[in-house]
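As the structure is a computational prediction, the values presented were derived from the model and not from experiment.
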Amino acid sequence: MNHEQYMRRALELAMEAQAEGDVPVGCVIVRNGEIVGEGRNRREERGDATAHAELEAIRDACARTGSWRLHGCTLYVTLEPCPMCAGGIINARIDRIYYGAGDEKAGCCGSVLNLFEERFNHHPRIYRGPLREECEAVLQKFFEALR
């Protein structure tokens, strides 16, 4: 699989979130070409402010790999991580992040600030844009339908 295919899987998870009434955000974590973690927004479903796609995927990857250290992993997410998720990415030691849509209100990969440039002990590499337009369109349609 390639970057686009991993992001397509994240988009599938985002659509599952949307079907359950959550903001359509999906995430996969990959190590050595294998998906080791998946997650989608479940805040509405669980009534839990921390049930973001990235944290769900990190929990899944930790369970599947048997370690909280996710060295050698790449995270693909349809929306730029918020401060909470960026903190989880740092703590899990994820090496690389690919995100689709930017988040001008809460994005911590450069839109509001870049937490990965701060003085933390781990600095993941950030890549913007795989399927950016598709990720943006899914979110835009979701929020338009709410209005």
Side-chain angles (χ1 to χ4, degrees), residues 1-18 22-44 46 48-144 146:
M1 291 180 80
N2 61 36
H3 301 302
E4 186 174 306
Q5 291 168 312
Y6 294 126
M7 190 62 80
R8 286 211 185 282
R9 176 60 187 144
L11 273 167
E12 290 173 5
L13 292 164
M15 298 313 293
E16 290 178 19
Q18 180 175 323
D22 268 293
V23 176
V25 180
C27 181
V28 298
I29 298 175
V30 176
R31 180 186 279 162
N32 298 324
E34 177 186 349
I35 294 175
V36 296
E38 294 187 336
R40 63 175 177 82
N41 272 5
R42 295 178 188 267
R43 291 184 307 172
E44 298 299 328
R46 294 189 177 158
D48 179 354
T50 68
H52 285 206
E54 298 95 324
L55 297 183
E56 296 280 316
I58 289 169
R59 287 183 192 109
D60 188 34
C62 290
R64 288 194 206 186
T65 64
S67 176
W68 63 268
R69 291 180 184 91
L70 299 177
H71 294 291
C73 287
T74 301
L75 182 144
Y76 295 84
V77 65
T78 57
L79 179 65
E80 181 179 359
C82 72
M84 176 178 66
C85 294
I89 291 164
I90 290 168
N91 283 315
R93 311 298 195 269
I94 293 171
D95 293 343
R96 289 165 302 283
I97 301 154
Y98 286 83
Y99 71 88
D103 185 348
E104 296 300 319
K105 294 181 180 179
C108 283
C109 293
S111 289
V112 174
L113 64 94
N114 186 341
L115 267 180
F116 304 127
E117 290 179 346
E118 299 300 323
R119 294 180 9 208
F120 295 106
N121 62 332
H122 182 71
H123 303 277
R125 300 264 332 217
I126 303 167
Y127 300 91
R128 296 170 178 91
L131 304 181
R132 178 183 57 83
E133 292 172 357
E134 290 178 49
C135 294
E136 289 172 350
V138 166
L139 287 159
Q140 188 173 34
K141 285 178 187 173
F142 176 81
F143 287 112
E144 284 174 359
L146 289 180

Before accepting this row, confirm whether a basic side-chain N of the pair Arg9/Glu38 lies closer than 4.0 Å to the acidic partner's carboxylate O. yes
(request) Answer yes when Glu4 and Arg8 have at least one side-chain N-carboxylate O distance shorter than 4.0 Å, and no when they do not. (result) yes
Is there a donor-acceptor contact under 3.5 Å from the side chain of [X] to the main chain of [Y]?
| X | Y | value |
| --- | --- | --- |
| Asp22 | Gln18 | no |
| Arg128 | Cys109 | yes |
| Arg93 | Gly72 | no |
| Glu80 | Gly110 | yes |

Within a strict 4.5 Å, meaning less than it, do heavy atoms of the [X] and [Y] side chains meet?
| X | Y | result |
| --- | --- | --- |
| Val112 | Lys105 | no |
| Cys135 | Met7 | yes |
| His52 | Cys82 | yes |
| Arg43 | Asp48 | no |
| Tyr98 | Ile126 | no |
| Phe120 | Leu115 | yes |
| Pro81 | Ile89 | yes |
| Ile90 | Asn121 | yes |

Nearest atoms (heavy-atom pairs only) where [X] meets [Y]:
| X | Y | answer |
| --- | --- | --- |
| Glu54 | Cys27 | CA-SG, 3.9 Å |
| Cys85 | Leu55 | SG-CG, 4.1 Å |
| Asn41 | Ala53 | OD1-N, 2.9 Å |
| Trp68 | Cys62 | CA-SG, 3.6 Å |
| Thr78 | Val25 | OG1-CA, 3.3 Å |
| Ile94 | His122 | O-NE2, 2.7 Å |

When rounded to the nearest 0.5 Å, the distance separating CZ of Arg31 from CG of Asp95 is 8.5 Å
### Task
Please test Tyr6 against Ile35 for side-chain contact (heavy atoms from CB on, under 4.5 Å), starting from the C-alpha separation and ending with a verdict.
CA-CA 8 Å; Tyr6 294 126; Ile35 294 175; 4.1 Å; yes
Stepwise ring-ring contact (aromatic ring centres under 6.0 Å, His included) test for His123 and Phe116: CA-CA 5 Å; His123 303 277; Phe116 304 127; 8.5 Å; no
(request) Please lay out, stage by stage, how Ile97 and Arg125 fare under the test side-chain contact (heavy atoms from CB on, under 4.5 Å). (result) CA-CA 6 Å; Ile97 301 154; Arg125 300 264 332 217; over 6 Å; no
Discussion item. Run the side-chain contact (heavy atoms from CB on, under 4.5 Å) test on Leu139 and Val23 for me, step by step, so that the C-alpha distance in whole Å, both residues' side-chain angles and the decisive distance to 0.1 Å come before the verdict.
Written reply: CA-CA 7 Å; Leu139 287 159; Val23 176; 3.8 Å; yes
Q. Can Thr74 and Ile29 be said to form a side-chain contact (heavy atoms from CB on, under 4.5 Å), step by step?
A. CA-CA 6 Å; Thr74 301; Ile29 298 175; over 6 Å; no
- prompt: Is the CD atom of Glu144 crowded by more than 12 outside heavy atoms at less than 6.0 Å?
  reply: yes
Show your working on salt bridge (Lys or Arg N to Asp or Glu O under 4.0 Å) between Glu16 and Arg42 and close with a plain yes or no.
CA-CA 10 Å; Glu16 290 178 19; Arg42 295 178 188 267; 5.6 Å; no
request  = Could you tell me how the ring of Tyr76 sits relative to the ring of His3: parallel (under 30°), tilted (30 to 60°) or perpendicular (over 60°)?
outcome  = tilted
Would you kindly say whether Arg96 and Tyr127 are connected by a side-chain donor-acceptor distance under 3.5 Å?
no
